Structures are given as C-alpha cells and as structure tokens.
Amino acid sequence: MIDQRVFKFPGVRRLTLWLGLLTLVQAVLVILQAKYLSVAIVHLWKMQPIGTIVVPLALFGVVFLGRHLVTLAKNWVTYPFVETTTKQLRKRFMAKLFDLGPSVVAQQGTGNVVTMGLEGIDKIQTYLMMIIGKVLDLSITPWLVLLYIATIQWKEALFLLVIYPLIILFMVILGLAAQAKADRQYAGYQRLSNHFVDTLRGLPTLKQLGLNETYAGNVYEVSEDYRKKTMATLTIAMTSTFALDFFTTLSIAIIAVFLGVGLMDNTIQLLPALIILTLAPDYFAPIRNFANDYHATLNGKNALTAVLDILSRPTPTDRKLLATSDPVWTPEDGLSLQHVNVGYDADHATLQDINFQVKGFQKVGIIGASGSGKSTLINTLSGFLSPQDGQITVRGTQVPHLDQQAWQRSFVYIPQAPYLFHASLRDNLAFYTPDATDEAVRKAADRAGLSDWIATLPDGLATQIGEGARGVSGGQAQRIALARAFLDDSRRVLLFDEPTAHLDIETEIELKQAMLPVFDHHLVFFATHRLHWMNEMDYILVLDHGRLVEQGTPAELQAKNGAYVRLRSEMAGEAPEA
Amino acid sequence: MKGFFKTFEHDHWVMPYLKKYRGLLTLVLFLGFMTFFCGGALMFNSGYLISRAATHPFNILMIYVPIVLARAFGIGRPAFRYAERLTSHNWVLRIVSDFRKRLYQSVEKQAVAIRQTHQTGDVLSILAEDIDHIENLYLRTVFPLVIGWLLYLFIVIGIGYFNWAFGLLMLLLLGVIVVVMPLLSVAVNGRREFQARQIQRRFYTQLTDAVLGLGDWLISGRRQDFLQRQDQPIDDIAALRRGDHYFQWWRNLAIQVVFGAAVILLVWWAGVTFTHNQAESNWVAAFGLALFPTIEPFADMSQGVSEWPVYRDSIDRVNRLDEHEPVKAPQRTIDLPATLAVDRVQFTYPGAQRQVIQDLSLTVKPGEKLALLGPSGTGKSTLLKLILGDEAPTSGQVTLNGVPIAQLQDQRAQLFGVLDQQPYLFNTTVMNNVRLGNLNATDEQVHAAIKAVELDQLIGNLPDGYNTQVQEAGSRFSGGERQRLSLARILLQDAPIIILDEPTVSLDPITEKHLLDTVFDVLHDKTIIWVTHHLAGIEHVNQVRFIEHGHFDMQGTPQELYRDNARFRALYDLDRGETTK
C-alpha cells in the first residue's frame, strides 16, 4: 500500500506524527459536523422554533470550517517535507549522473534519463504529497467513525465493519482479472498506439512511394481498431472502480433502510439515526479517495523505483589511484593494456584480450570494419567504460580502469558529433578551461580555423549556440572541439572517434589541415575508416570482431601484407580506368 | 475570456466534432448528470425515509416507496457512473480516430518541407501529443464542466420551484463555485502559464545539456560547476510547483467555505419553510443532506478548467496547421522515357537572404547516371527538392519532357524513386514494408526484389522469415540492411528516375562499397541522380558535377576529371587513402 522506501527520507517520521495528529483531529471534526447538523435537523423535525437551531447550526459552521482548515494545515505541514525531498532527489540524481558517467546514459537512453529527471521526479512529488496523508486517513478516519457509530448502534456498525473487507476483496479480484487481460493485450496495444507517430514519421517515404493519400484510410482503420481494443480492456479495468462504487453506495442505501425499519420498531431515535446516515459516506470516503488516485500512486511509485535504482548504483571507486601532475602526460610516460577484456554486459566481452603499449607522443591509428570494436576501445581509453579484467598501466601505476580523475584531465575527446552546450560560443570553446582569457579563446579559435566563421556571427564569441539556438555545421562542431585542445595545453592526449565520418571530402580536407599541427606533442588515438588518415599515423592497431589482429608501424604492416593490407584494399575499392 | 473566444473563432478541430457526434455526447452528459443526481437523490431520499419512519407510521407500506427508491438510487449511481465512463471514453476515442486521419491529411498536404530530420520528428511528436491533449480537454474539462452546470441548474431550479427568492440566492452562492472559481483558476493559471513554460523549458534544456554533454563534463572535471549549474533551475521549478499548490489549497478552501454556507442556508430555509406540520418537516432532513454528494463534481470543475491553457496551445497549433494549404497547379501526365532539364534555375528560401542556387542548368537524359558533389550547405539537397517539385524555383524552371515539374506531382511516384540517408521502415513485417513499393505486387515479385538486393539469405535465416517485424524505425536491421530493404521497395516501385540522397553517409567503407555495387547493378537501366559526400564508387556514374556556392564549378566524366583535373585527382586519391605527394 505504501512504499517502505518513503520512510527512508529524512523528516518523514516527524511528518507522520504531525499528520497523524491532524488526521485524528479531523476525524473528530467530521463526527462533530455530522452531529451538529443532525441536531439542527432534528430540532426542525420536532417543529421547534427556528431559534433553537441557531446554536447547533453555528457549531456546524465552525466545525465544518475547522475540518477544511485542518486539510489546509495538513498540506501546509506536508509540503516543506515534499519540497525538500524532491529537491534533494533532483540534486542527488544529477550528482549521481556525473559520478556514473555517460555509460549509464547510453544504457538508459538520453530521453529516458531526461524524462526521469523532469517528469519522473514531478510524479514522485505528487506521490509523496498524497501518499502519507491518504494512508493515515485510511487507517484512522474510518475506524474512529465506526467506533462512534458503535457507541450509538452496534448493529449498523457491525454491518459497516463486515462490508469493508468484502469491498476490498471484490476490488482486488476484479482488479487482478482486469490486469491479467490488459497484460495479454499489451503488446498489440503498444504497436497500435505507436502506429500513428510511426506513420507520421514515415510520411516522406509514403509520399515518395505515392501512397500518401491512400494511407489516410489506413490511419483511420488502425485507430478504430485501437479504440475497440481499448474499450474491451477499459470495460474490465473499470469494473474494479465500479465494484467499489457499487458496494459503498449500496451500503449507504441499506443502512438507510435499516435505520428506517429500526425507527419504525422504535429501537432507535431519529437523532442517532440521522447521525449514522450522515456519517456513513465519510466512513467510505478514505478508501474511495485512495482508489481514485490509484493510478497517480502507481505512476509515482514506478518513478520512485526508477530514480532510486539509479541512485543506488555503485559509483566507480579507485578514481584517484593515478597521481596528478601538470601536464599529466609527458614524452617519457607510457600506457599499456595487457589481456584487457571489455563488455557492455557481464557475460559477453566486446573487446577480447587487448594488448598494446604506447610511449610519449605517438600517433596511433585504430582501424577496422563497423562493429569491430573501435568505439569500445576509445571508450575504454577515455574511462567511460571499465574493463572486465586485464591490466592497465599508466605512467607505471597499475589501475583497474581509466576512469581516473588525473587521466581525465589529460585528454580531449572528439567524437563524430561533439556535443555543443546550449551556451555562448565562448563558453563552449572554453569548456575545459572556463577561466581562459578572451584573448586565449580567440587565439585557439583562430588556430582551429574558426575566425572567418566567427566574424560572420552577429554577436561573435558571445553568440548562443546549441540546442534550439543557432545551428552549427558538422565541420564547425569538430573545430570547436579541436579548439578546446588548443586552449588547454595541459591536455596532451587526444582521443578521436570517427571525427570525419559524416563530413564531405572537401570539408574533411580543410579540417585535416587544422588538425595535423595539433598532432605534434600529443599522444593521439584516432579511430576512423577514412583511409588517408592512416598515412599520418606512426602506429596502427587493426581490430577485427573485437580482437586486436595486427599492430605495428604502417611500414611494418604494409610489409607483413596481412589483415591491414587486406582491409585497406577492401575499403579503397577499384581505381577508375583512366 | 477573450482568448477563449478567439481560440474558437476559426476553430475547425473541436467544435465540428461536438456536432458530429451529438447523440453520443448527449448520452455522456445525461449519464454524467444521472450519476450525481442519484448520489444526491440517495441522500435526499434517505433523509426523508428515516424522518418519515421516525413518525412511526402504523404500516411498513407507508415507507415502502422511499425504501425501494433508496435501493434504486444506490444501484443507479454506480451503474450510471460506470456507463458514463465507458461511453465518454468510447466517444473520445472515436473522435481521436477522426483527429488522427485529419492530422495525417493536414501534415500530408504540406509534407513539402518535411524531411526526416530530428527536428521534424519532434514536431510530429508534438502534434501527436496535441491530439492527446484535446482528448483530455473533453474528458477532464468539458464533460465535468457541463455536467457540473447541469447539476447546478437542476438544484437552483428545484429550490426555485419552492421559493424563487431563495432559489436566486442559491444561484448566486453556488455560482461562486461553478462559475467564479473556474474563471479565477483560468485567469490565475493563464497568467502563470507563460512563466511556467519558460521555467520548464529552461530546466529541460539544462537537463538535456547535462545528459548529452555528460562525457565532456566528466572530462572537464568541473563537478562543482556541474552541480551548481543545476541549483537555480531546480529551485525555480520547486518555486513554480509551490505556487501551483498554494493556489489550489486556498481555492479548495474557498470552495468548501462557500459550500458550507450553502448547506447552512439550505437548512435554515428548510427550517423556515417546512414547519407547518409533521408531514412537511419530514423534508427538512432530505434537503439538509442532499447537497453533500454534489461537492465532489463541483470541486472538480475548477481543477479541470485550470488545465485549459495547455489545451488552448494544442488547439491553436492544430488549427494553424491547415491555415496555409498550398495551391496545387493543374496536373498533367507525360509519357516515358523522360528527359530531365534544369534550366537557369535560381532559388532563395522564403524569408532568407542568401540565394542558395545561383543560375544552375543541367540536362539528364534517360539512363544517364549523374553524381552531385560539394561541401554541405552548397545547395545539393535544395537542388533535389527542386527536381522533385517539393520547392518551386525563384526563377528558371525544372521540366520533364518540357512539362514543368509542378504539373506532374500526381504522377510523381511513377516518375521518381528516392533512396535517402535514413529510409524509413514502418513498424510492420519485412514483407509489408517492401510491398509498399507496389501494393499490387505478388509475393513472388516481393521475394524477387529482396533477392535482387541480396537480402534473401539473411531474411530466409530469420525465424519468421519474410514475416519478421522490423521494429520501430527498422531497428531490427543494420544501416546497410535498411538501405537494401528500401532499395527493394524502389525496385518494386519501378520509377524511371532514381534520386540517391547520400544513401551511404553512415556506413563504413566496405558496407558502402557493396551497397553501391548493388544499387548501380540493379538500377542499371534507370536514370540516376546521386548526391554524395565523397568519391567512393564514383566510377559507377557517367557525369560528375561539383556544386560550390550555388553553381557548378567542375564537371565531366570521372575518367576525364581524373585525367585532366588536379583537384579531382587529389580528392580521389585521398579518398582511397593514397598519398598524393
């Protein structure tokens, strides 16, 4: 009924105590409200002068107001706890994201993580706001009301007590039946509900195939099909609410008839009868409220599970094994990987038995067909992925993974599509070095070949770029990432993951001119399937299906006439007959 | 309020459907009204029942009618409620079917600019969500509001029947709950809405930025910065929610206070009115209790209405959709084979400064293969749009056999086949996807097309064979395989001119080479216009054109260019990984 984990949040016990107290007061007010109203009505029924009802009616007014003021007070004491808790959750969520790194995002999906942080935590807020109050209401109010009724007329109280578990039983049985049926239909359901967006997204293709007009009928038919399926499920799903509604309303009707008969037999007086009748709906109100908000509760609970799951993940430890120094990487330093296995899930390694070592400012090309493990290797070198086993040694220090704080300060990572933050161009350029002077930023931008472009921008370096702002072409994004490397001289390692795969050949050549000068005095890892880059490398790793099948200088590999030569000729294709 | 009428002034999305499904709508409102009527009537009847019983009638038959009525109302309320919920959902889903078809047709008519980019994908999701919003507008706002008003009128008229002055008082008092409070909710939320949207937007951007740029944040080592940056939006969003809550609490309290006053007045009035004899005074309890069950629907009205600003946005957006329906030129048809001619075409996007295409001319004869190259942003894609007739040239013209392309749009699918960067596979079976090329194709023809693109073995080895689901956006298959499936579709479509819009951009060189070999092999008798970003496979074509700054600056056969043009030779060798020094 209530998630045990809710009780782990700080301040929840104090809150429960307060809410319990307020709920108790409210239950008493509910009873008094029924009593005073009944007193007033009975006076009138006895045809006493109107003046006799002034006091009971005024008391009714006061108690009625008091009851709703208590509702306000309950919200008032709950809200600070809820606000603090959700704020803390958001902050802890963000901190956890930072500590877990991009691998958790890759695993959960960007959209999913963003939804979790925004709507997910909103749902938790709604959930927390109501759950404690509702549960307390459910566990105090009906029983106090029942106790009071029992003191007046034990038979009616007994009836109300017996009907309660019956209502719950029917709700559960019908609810389970509906759930089972809904589960069976879920797959087909999902497909139908996604069909519409699928069709809209595929509209250009439909147009190309000349089907755009005939397809409208199909959209309607599928939607009607969806409606019929949905209605079939809803008919059952709503029966559980119907059962609750039916039994509670009918119970009130039966109580009324009971009381009527009792009054005729003179076993009860009008005043107590009227009080019982007025109180009966309040006896059922908490469980009805609870059932009405059941779905919001369920959503909140699921969101809480998802967020807590992320929060409870272990953060990588041993992130400070590597000593800091400035710069981290010098010509004398070495990096070696021995028998390293890396995988996205525990029992299957994407990269197997990787062995190589590099020293100082080498330029290492990584080549292989799609799916051979180039990106996985770069992600291991950046520390975004931790190896399952094997040995990594950096600067003579043995580390379990490269998610080392000192190591991360030593490299610049340039993927196929560098991410541009929704910020000014200057902030994007100086992302690793926010304290850099404008002069330094300008100089780095110039070296990356961005000056001409910046000159065309309305606000120069202050221009906003990124999501929803000014568009930046693929080539320019690469240059911005490159400028980050120019700007931070302490970062002497460059990790490239297919930086030019989507660029046209001429843009690529221009970019190459800007890139090559940086390669000196840096350790470069360059994963690509554009062959001409291999000519700039002085060491090459050839990957095939997750294994390092060849390594050596280009000349050595050329002479060996093995996997490297085969791959090159396969990738290059045939020459034109001139 | 002004905004309300303005929204519906030119509305053709909400109102027409209210009219179209009038019968069901009336039923929904009737059932909704009966639900709460029964709830009130149950208490009214019960109050009377026990008062009457308390007078000790000598025979049980004297209270027989109220006893039966108590059971009837007791069963009636849940039954009506159940029926109302089913009918209203059925009604809304019926409308959704109409909406979807309608939205599809609107988007389809202006599919001009819609290409499969991320951005348009988002726009489409937003539109699909808008429909859900309108669905909720009915369920959460319109129905509760109208049912609440019906109930309100019933109560006021019922009391007015006994005493018009007191009826008028109730009209005013309950009017505060059912008219003033909802209006206040809309006003307050409308005012906050703009600010709320900004805060939410900022938080969303911030969060997306943080999540997508997580790698860079990690590398930068700026953990403190990262966390601090989230503080402001987190506080803002907390303040926003706090504001929402406070308003709701106070509003609900106000509603309850007014309601409490109404109950007191009703009892007082009943005390003054029904006190002449015992038979009359039996009604006091009835009136005193009857009002309580109506508080629930009354209070829901304000909550439902306060969501109106969200719905208004959606209604405005879908209404704007079909405001500018493009005018279609009178259509003609031509006979094949077709020669494509681009004649001194210039093009500037509406509202833009820069001329994307400057004076381009080009002729492609049947069976010719043409490659278009050039840096991004130089007008390659725009030229394709002009050729397909998705955009009209600012000056000059594009013709097929002398007929302007705008007049051939009805015949378009018989003339052009298109293979672009991300061909779309629908979430259905392989068979259905390929058959989209020609709905009349036999199973054998589909199999033959799949065999031609060399996927027969792969698909034959899948457990479900040709009936394998391709999953959302074709994710069951790799990039190269998806391209091949679309190619099979184009083979079935059998159009004479094929447009290839960088179909290999996301593929590795080996996959790319194999795909291009297949493409040019199976399409050997077609006219091909191929936009490409580099020179792999260029030997397949007999004409190469480089576009730079909106005009051609290199052209010839690949062989000529390789022989005579140093720049082409340099690019070509580079692409093959050869050193040109």
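None of the values given here were measured: they were computed from a predicted structure. Naming: A, B, ... by sequence-line order, numbering from 1 per chain.
For chain B, the option among Glu508(A), Lys91(A), Lys228(A) with the highest count of heavy-atom pairs below 4.5 Å is Lys91(A). Comparing Lys512(A), Gln125(A), Gln405(A) by heavy-atom pairs within less than 4.5 Å of chain B, the highest count is held by Gln125(A). Interface summary for chain B: among Gly210(A), Pro102(A), Ala216(A), the most heavy-atom pairs under 4.5 angstrom belong to Ala216(A). Your options are Val105(A), Val261(A), Leu118(A), and the one with the most heavy-atom pairs under 4.5 Å with chain B is Leu118(A). Per-residue counts of heavy-atom pairs under 4.5 Å with chain B were compared for Thr507(A), Asn266(A), Asp403(A); the largest is that of Asn266(A). Most heavy-atom pairs under 4.5 Å with chain B: of the set Ile268(A), Leu65(A), Leu100(A), Val114(A), this distinction falls to Val114(A).
Atom-to-atom distance recorded for Arg100(B):CZ and Glu221(A):CD is 14.5 Å, nearest 0.5 angstrom. Separating the CD1 atom in Ile67(B) from the CD1 atom in Ile254(A) is a distance of 12.0 Å, to the nearest 0.5 Å. Glu512(B) CD to Met571(A) CE: the interatomic distance, rounded to the nearest 0.5 Å, is 10.5 Å. Atom CZ of Phe98(A) sits about 10.5 Å away from atom CD of Gln230(B), to the nearest 0.5 Å. Distance CD1/Ile219(B) to CD/Gln408(A): 7.0 Å, rounded to 0.5 Å. The CD atom of Gln208(A) sits 11.5 Å away from the CZ atom of Phe416(B) when rounded to the nearest 0.5 Å.
Aromatic ring centres of Tyr246(B) and Trp76(A): separated by under 6.0 Å.
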Between Phe292(B) and Leu37(A), does the side-chain contact (heavy atoms from CB on, under 4.5 Å) criterion hold? Intermediate values first, please. CA-CA 12 Å; Phe292(B) 282 96; Leu37(A) 184 65; 3.6 Å; yes
Quiz item: Please walk me through it: do Arg71(B) and Val257(A) pass side-chain contact (heavy atoms from CB on, under 4.5 Å)?
Solution: CA-CA 9 Å; Arg71(B) 290 184 186 138; Val257(A) 175; 3.9 Å; yes
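No part of Asp410(B) comes within reach of chain A, as not one of its non-hydrogen atoms sits under 4.5 angstrom from that chain. When heavy atoms are compared at a cutoff of 4.5 Å, Ile490(B) does not approach chain A at all. Residue His89(B) touches chain A through both its backbone and its side chain, counting heavy-atom pairs closer than 4.5 Å. Proximity to chain A involves both the backbone and the side chain of Gln278(B), based on heavy atoms less than 4.5 angstrom apart. Proximity to chain A (any heavy atom under 4.5 Å) is restricted, for Leu253(B), to the side chain, taken from C-beta onward. Interface residue Gln256(B): backbone and side-chain heavy atoms are both found under 4.5 Å from chain A. Using a 4.5 Å cut-off between heavy atoms, Ile237(B) touches chain A through its side chain atoms alone. Using a 4.5 Å cut-off between heavy atoms, Glu548(B) contacts chain A through its side chain alone, with no backbone atom that close. For Phe99(B), no part lies near chain A; criterion is any non-hydrogen pair under 4.5 Å. For chain A, the nearby parts of Leu86(B) are the backbone and the side chain; heavy atoms of each come within less than 4.5 Å. Both the backbone and the side chain of Arg85(B) come within contact range of chain A, judged by heavy atoms closer than 4.5 Å. Looking at Asn45(B), neither its backbone nor its side chain comes within 4.5 Å of chain A, counting heavy atoms on both sides. The contact between Ile50(B) and chain A is made by backbone and side chain atoms together, counting heavy-atom distances below 4.5 Å. Residue contact with chain A, scored on non-hydrogen atoms closer than 4.5 Å, involves the side chain of Ala210(B) exclusively.
Listed for the Arg90(A) side chain is no donor-acceptor partner under 3.5 Å among the backbone atoms of Asp231(B). Looking at Ser220(B), its side chain never comes within 3.5 Å of a backbone N or O of Tyr432(A) through a donor-acceptor pair. Of the possible donor and acceptor atoms, none in the side chain of His68(A) sits under 3.5 Å from a partner among the backbone N and O of Val257(B).
For Asn212(A) and Tyr104(B), the side-chain atoms include no donor-acceptor pair closer than 3.5 Å.
In this structure, Arg222(B) forms a cation-pi arrangement with Phe431(A), its terminal cationic atom sitting closer than 6.0 Å to the ring centre and no more than 45° off the ring axis.
Within a 6.0 Å radius of CD in Gln269(A), no more than 12 heavy atoms belonging to other residues, nucleotides or ligands are found.
Relative ring orientation between Trp217(B) and Phe421(A) is described as perpendicular, the plane-to-plane angle rising above 60° on a 0-90° scale split at 30° and 60°.
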